[in-house]
Amino acid sequence: MTEPVRVRFAPSPTGHLHIGGARTAVYNWAFARRHGGAFVLRIEDTDPERSTEENTQAILRSLAWLGIDHDEGPDVGGPYGPYRQTERAPLYRDALALLQERGAVYPCFCSAEELERKRQEARARGGFAGYDKTCRAISPTDAAARVAAGDPHAWRLKVPFDRGDVVFEDLVRGEMRFPISAIDDLIVVRSDGTPTYNFAVAVDDATMRITHVIRGDDHISNTPKQILVYEAMGVEPPAFAHLSMIWGPDGKRLSKRHGATSVEAYRDMGYLPEALLNYLALLGWSLDGETTIIDRETLIANFSLERVSRNPAIFDSEKLEWLNGVYIREMPREQFVDRMCAVLQDAGLLSPDEAKERREWLLALAPLVSERIKRLDEVVPMVRFLFAEVAVEEKAKDAVLAVAGARSALEEAARALESLEAWQSDAIEAALRALPERLGMKPKAVFQAVRVAITGTTVSPPLFESLELLGRERAIARIEAAARVASD
RNA sequence: GGCCCGUUCGUCUAGUGGACUAGGACACCGCCCUCUCAAGGCGGAGAUCACGGGUUCGAAUCCCGUACGGGCUACCA
């Protein structure tokens, strides 16, 4: 195959971009980039009830945030547009005309009620419950006459009787084979003139010159129908690759019940796009079974459909969180400061001006924080004490300040820090380390008392650095205040 | 009912007839480091490869069947 690779991601804007859709998008995108092909975005908005422009924009935003860029789409255009199905009506009309010309379709005058009744009967009898092909028996002249007379009708595909099994090579699963007898004379155009899904998809993929259709495996059984549409049009079908579904922790279809399912929700929780991308890539694909940290470039350079797994995967948010922590720790310090500032500004702890003025200070704080969090939203509780006055938590008070000797430890600490010449962590450390022995206390008891005094909690970034960043005046004031409520 | 897909540690996976006493990662447990929490280092536990038959000198890997889960079977997508 020498033609350039063209793949598409075709979401329905009936909701935001979900984890499952995002994974499909990632695989399509990675495949396109790997082969130097085009990644096209097509919006399947034929369901007017549930499709909204807001959702389309949200999907576009989510893809952009993940760093999945498309070459053609509703927002950037392209040579095979339009890229919204609702705008492609003329294409479907042309395709129907082509099928009519080729004698590949026939009008069906059966009413919905009639069809429903037949379906019930067939189901009761057992076996195949498809359309009984009543209208296929109507002679072309009679049919044409009824159409001309304005009889309501849908158009059905004449599934050939002598075709043999529909066989295709799925790039993930291998050979797929469907008996032609089990495939219905599907409706391609409804009586209101709108195309059905399987027809629209085949027409779109054909006219957009899609070479590889990579999508969820809920479409496996649709594939033979679409192949029949291609054949009816006289067009070579693309290659297909079906991805298994992503499930929630309970092994059921991923849904709101499982908590966050949209890409935007993960963004808002402080996940990094590169971490989500990495996680999604690994959910059903592996580089070699060993490598887990896979950046964008590595993914593009190595992605292959042959290594896509056939079984459904359960979404493991703990592993995603761990991965996010890895990316946070590996993030360049400057970049982390930017991310941290954004979060602090959202929390109202920092103004844009301060972010600029205190850049050096923030750069010093960054590594203390980045090493301790897995999500960006953990920044705020961890460093709040540096930006605002904090009350000592009750349980911290009970566990640390209510211990014998806490008061003298704090008083001594305040004294030692007051007389310090240079307010730097190493000097602070030297001063505080001398205390435990002199007071006959364990180092941990002294340090925890100081920690609680300045942060209000028993857990914080490293103590000496925290003291330095807090500043002498505030640090000593807090230690003295804590001493007043501590036990002897 | 019919057609189709799937089934390896709790989870994601490696594995394509012999290197498998089934490897890696997350989670879990222990130890070390240590001012807390993390991070990091070291180690541990965890999979009768869904089950049952076969093929073969030899099967997680090939074939058949069963069970369980899932999809399609719409003038939904």
Exercise for the section: Look at the side chain of Val459(A) and decide which nucleotide, out of rU36(B), rA38(B), rC4(B), has an atom nearest to it. Expected result: rU36(B)
Handout entry: Who pairs with rA39(B) - Watson-Crick or G-U, where each distance is under 3.5 Å
Key = none
Practice task
Considering just the side-chain nitrogens and oxygens of Arg177(A), establish if one lies under 4.0 Å of OP1 or OP2 belonging to rC3(B).
Solution key: no
Exercise for the section: Establish whether the base of rC35(B) is bridged to the side chain of Arg451(A) by a donor-acceptor pair shorter than 3.5 Å. Expected result: yes
Exercise for the section: Would you indicate whether the side-chain heavy atoms of Leu320(A) and Phe315(A) approach each other to under 4.5 Å? Expected result: yes
Practice task
Ignoring the backbone of Lys225(A), work out which of rG71(B), rA77(B), rU73(B) is nearest its side chain.
Solution key: rU73(B)
Handout entry: Residues Glu53(A) and Arg84(A) bridged, charged N to O under 4.0 Å
Key = yes
Practice task
Report yes if a side-chain nitrogen or oxygen of Arg372(A) is closer than 4.0 Å to either non-bridging phosphate oxygen (OP1 or OP2) of rG40(B); otherwise report no.
Solution key: no
So which protein nitrogen or oxygen atoms get under 3.5 Å of nucleotides 9-13 of chain B's nitrogens or oxygens?
from	atom 1	to	atom 2	distance (Å)
rC12(B)	OP1	Ile314(A)	N	3.0
rC12(B)	O2'	Leu282(A)	O	3.1
rU13(B)	OP1	Gly284(A)	N	3.0

Handout entry: Nearest-nucleotide pick for Asp184(A), side chain only, options being rA27(B), rC3(B), rA74(B)
Key = rA74(B)
Handout entry: From rC72(B), rC4(B), rA38(B), nucleotide with atom closest to Asn222(A) side chain
Key = rC72(B)
Exercise for the section: Go through rG40(B), rA77(B), rU36(B) for me and flag the one nearest to the Arg329(A) side chain. Expected result: rG40(B)
Handout entry: Test: Arg136(A) cationic atom under 6.0 Å from Phe161(A) six-membered ring centre, within 45° of axis
Key = yes
Exercise for the section: Determine the Euclidean distance between corresponding P atoms of rG46(B) and rA22(B); express it in Å to zero decimal places. Expected result: 12 Å
Handout entry: Test item: Leu60(A) and Gln57(A) side chains (from C-beta on) under 4.5 Å apart, heavy atoms
Key = yes
Handout entry: Salt-bridge contact Asp151(A)-Arg146(A) (side-chain N to carboxylate O under 4.0 Å)
Key = yes
Problem - salt_bridge(Arg8(A), Asp204(A)) N-O dist < 4.0 Å - result: no
Practice task
Using a cut-off of strictly less than 4.0 Å, decide whether Arg433(A) has a side-chain nitrogen or oxygen near OP1 or OP2 of rC35(B).
Solution key: yes
Practice task
Go along nucleotides 64-70 of chain B 5' to 3' and tag each nucleotide: B for a protein heavy atom under 4.0 Å from its base, S when only backbone or sugar atoms are that close, - otherwise.
Solution key: -----S-
Problem - His153(A) and Trp155(A) aromatic ring geometry - parallel, tilted or perpendicular at 30°/60° bounds - result: perpendicular
Practice task
Ignoring the backbone of Arg173(A), work out which of rC35(B), rG6(B), rA77(B) is nearest its side chain.
Solution key: rG6(B)
Problem - Donor-acceptor pair present, Ser191(A) side chain and rC75(B) base, under 3.5 Å - result: yes
Handout entry: Options rC4(B), rA77(B), rA25(B), nucleotide nearest the side-chain atoms of Thr292(A)
Key = rA25(B)
